[in-house]
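Structure record follows, encoded as structure tokens.
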2 protein chains.
Amino acid sequence: MRSENQAGRLPAPPSPIADDGDEAHFCRTCAFAGACQAVGYGKPELRELHCLVEHVGPFRSGEHVFRTGNPFRAIFAVRSGTVKTSMVDKEGREQVLGFYLPGEVIGLNAIYPEQFPCDAIALETSHFCRFSFPAMSALAARMPAVQSHLFRLLSKELGSASLLAGDHSADERMAAFLTDLGQRYATRGFSGTEFQLSMSRGDIANYLRLAAETVSRVLSRFRNQGLIQVEGRQLLIRDPAGLRHIGRSLLPD
Amino acid sequence: MRSENQAGRLPAPPSPIADDGDEAHFCRTCAFAGACQAVGYGKPELRELHCLVEHVGPFRSGEHVFRTGNPFRAIFAVRSGTVKTSMVDKEGREQVLGFYLPGEVIGLNAIYPEQFPCDAIALETSHFCRFSFPAMSALAARMPAVQSHLFRLLSKELGSASLLAGDHSADERMAAFLTDLGQRYATRGFSGTEFQLSMSRGDIANYLRLAAETVSRVLSRFRNQGLIQVEGRQLLIRDPAGLRHIGRSLLPD
DNA sequence: GCGCGCCCTTGATCCGGATCAAGAGGCGCG
DNA sequence: CGCGCCTCTTGATCCGGATCAAGGGCGCGC
């Protein structure tokens, strides 16, 4: 399990790290930024939200943030690094459920079963904000903005979960995956066209329900078609519109 | 679009209809029963929850409960009948997202986008309870039980959405589908082994990401193996354990 | 009653992606 | 430095399920 922290051969772009924030501004790129803005900076409620946060990490590549069956006590926002969530089915096969970038939230699917239904594994050295869920719920009851923000986070994840469900070709899946990743990086203020794939081909394949060989082949084909430039895990999207068009049936709008 | 309401050739079992309830008891099989029980019957809060409900229907087979793009104002609990939710992608292909039985809730994935991201279409004559979402949110802020119930509903749906995502054989999907349907009927107090499939083979196929022909073939095979008895849309599960075993990799526990 | 359309079933063929196989490149470690 | 492991790539073959095709049953409207 080598550390992904060191730069690779190529000059790596600055590592995506969510803005650290401070008492007054909190993390600007954080998934809860909206909730904070809604109540206005400096209000006592923001201080309360800020207080129930605990910074945890670093987790090195391969380390678990939580494990299947752990009692559910908190949700986590990614501060830096990348995480994958995955389930292991009864036959011992891993199922990658998703990848989470700085500013995104993991653990929401643990609310109902009251224990984590999946593992969360760091793909590179990562840091998190830990939000105690009981405290968060109590705060939500007093702050409508926080409550509706939680509802929206949950509902949003519902929407994205149904995306990878359809029956689509390997090309469509791959194109949509890369486009989506780029968009999410862009949303958080990083480059949406040039970034590191922090997960292995095997993880991508598993997530997209393809074989690792197929992922490799599709990436090669995209490279030959001039859609992307890819060397190891370093990716450059040369034709974002073309890529988006291939994956259009899986992508919103 | 013929009405599914009339009984078929076979003597149909009593049509699943969620208990109508009254001011004191509300719908016992309803998805919100838990929230009501949590605060105790007869309390003023229950009256409030009961008050924000509006009964709507009947919707005949093929009619829309809501359409993609409709502004989101309310969620719906199925009171009687069955609904499918589906999206139509940019190529005009339909994607069935789910089937909802009496007592289950539709519309949760509309919270984030603030408009319905899918269509909801009655598969047989159906009735609903309509919960105004703004009113529900306001109530949730005052009643922790309602709030946590909403969180749990959302989180639960997150869990089930990731089920059909994996790459599984047609047999596994079909077995898991039938087992799941049976379980859900059983949870609501109906027979879990004998019921009507209220959706067409085409809808099942679309939902499971299979061809309609494959669904037909798998059902025939299951019948020949003595796992089920099926005549048209009337289904009897003869070997629940066997069926569950085939679909085990998709099923919880 | 008769014909038409829809849903369902079953058979034949085809194809995308899985699987099997082999080899290359990089990295950590002894 | 050399070895072994792991990841990635590329080629060859295979298979499950899609697609194409045909036919039956039933409900409904004329």
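Chain letters run A, B, ... following the sequence lines, proteins first and then strands; every chain starts at 1. Computed from a predicted structure; not experimentally measured.
- Among dT9(D), dT9(C), dA18(D), the nucleotide with an atom closest to any side-chain atom of R223(B) is dT9(C).
- Within the model, atoms CG of L243(B) and OG1 of T179(B) stand 4.0 Å from one another, a figure rounded to the nearest 0.5 Å.
- In this structure, R221(B) atom CZ and dC8(C) atom P are separated by 18 Å, rounded to whole Å.
- Considering only side-chain N and O atoms, T214(B) lies under 4.0 angstrom from the phosphate OP1 or OP2 of dA18(D).
- Going from atom CG of D167(B) over to atom P of dG16(C) covers 18 Å, rounded to whole Å.
- Each end of the helix from dG1(C)-dC30(D) to dG30(C)-dC1(D) gets its own axis from five base pairs, and the two axes differ in direction by 30°, given to 10 degrees.
- When the side-chain hydrogen bond (donor to acceptor under 3.5 Å, both in side chains) test is applied to H64(A), the partners found at least two apart in sequence or on another chain are R67(A).
- In this model, the phosphate group of dC6(D) is not approached by any side-chain N or O of S200(A) to a distance below 4.0 Å at OP1 or OP2.
- To the nearest 0.5 angstrom, L219(B) atom CG is 7.5 Å from L197(B) atom CG.
- The ring pair (Phe, Tyr, Trp, His ring centres under 6.0 Å) search around Y112(A) returns none, not counting sequence neighbours.
- One interatomic measurement links the two molecules: CD of E172(A) to C1' of dG16(C), which rounds to 12 Å at whole-angstrom precision.
- Rounded to whole angstrom, the span from the CG atom of L123(A) across to the P atom of dC6(D) amounts to 18 Å.
- Among pairs with a residue in residues 207-229 of chain B, those fulfilling ring pair (Phe, Tyr, Trp, His ring centres under 6.0 Å) read F99(B)-Y207(B), F177(B)-Y207(B), at least two apart in sequence or across chains.
- Computed from coordinates, the R233(A) CZ to dG25(C) P distance equals 19 Å when rounded to whole Å.
- The side-chain contact (heavy atoms from CB on, under 4.5 Å) test applied to T68(A) returns D119(A), not counting sequence neighbours.
- R201(A) has its CZ atom 19 Å from the P atom of dA24(C), to the nearest Å.
- In this structure, F59(B) has its ring center under 6.0 Å from that of F128(B).
- Shown here is R238(A), whose CZ atom has no more than 12 heavy atoms of other residues, nucleotides or ligands within 6.0 Å.
- Between E231(B) atom CD and dC8(C) atom P there is a gap of 13 Å when expressed in whole angstrom units.
- Using a 4.0 Å heavy-atom criterion, one finds that A170(B) contacts the sugar-phosphate atoms exclusively.
- Here the P atom of nucleotide dC7(C) and the CG atom of L219(B) are 16 Å apart, to the nearest Å.
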Under 3.5 Å, N/O pairs linking protein and nucleotides 11-14 of chain C:
unit_1	atom_1	unit_2	atom_2	d
dG11(C)	N7	R217(B)	NH1	2.8
dG11(C)	O6	R217(B)	NH2	3.2
dA12(C)	N6	R217(B)	NH2	3.3

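- The heavy-atom pair separating T214(B) from A170(B) by the smallest distance is CG2-CB, 3.7 Å.
- For the OP1/OP2 pair of dT10(C) and a distance below 4.0 Å, the side-chain nitrogens and oxygens of S220(B) include at least one atom meeting the criterion.
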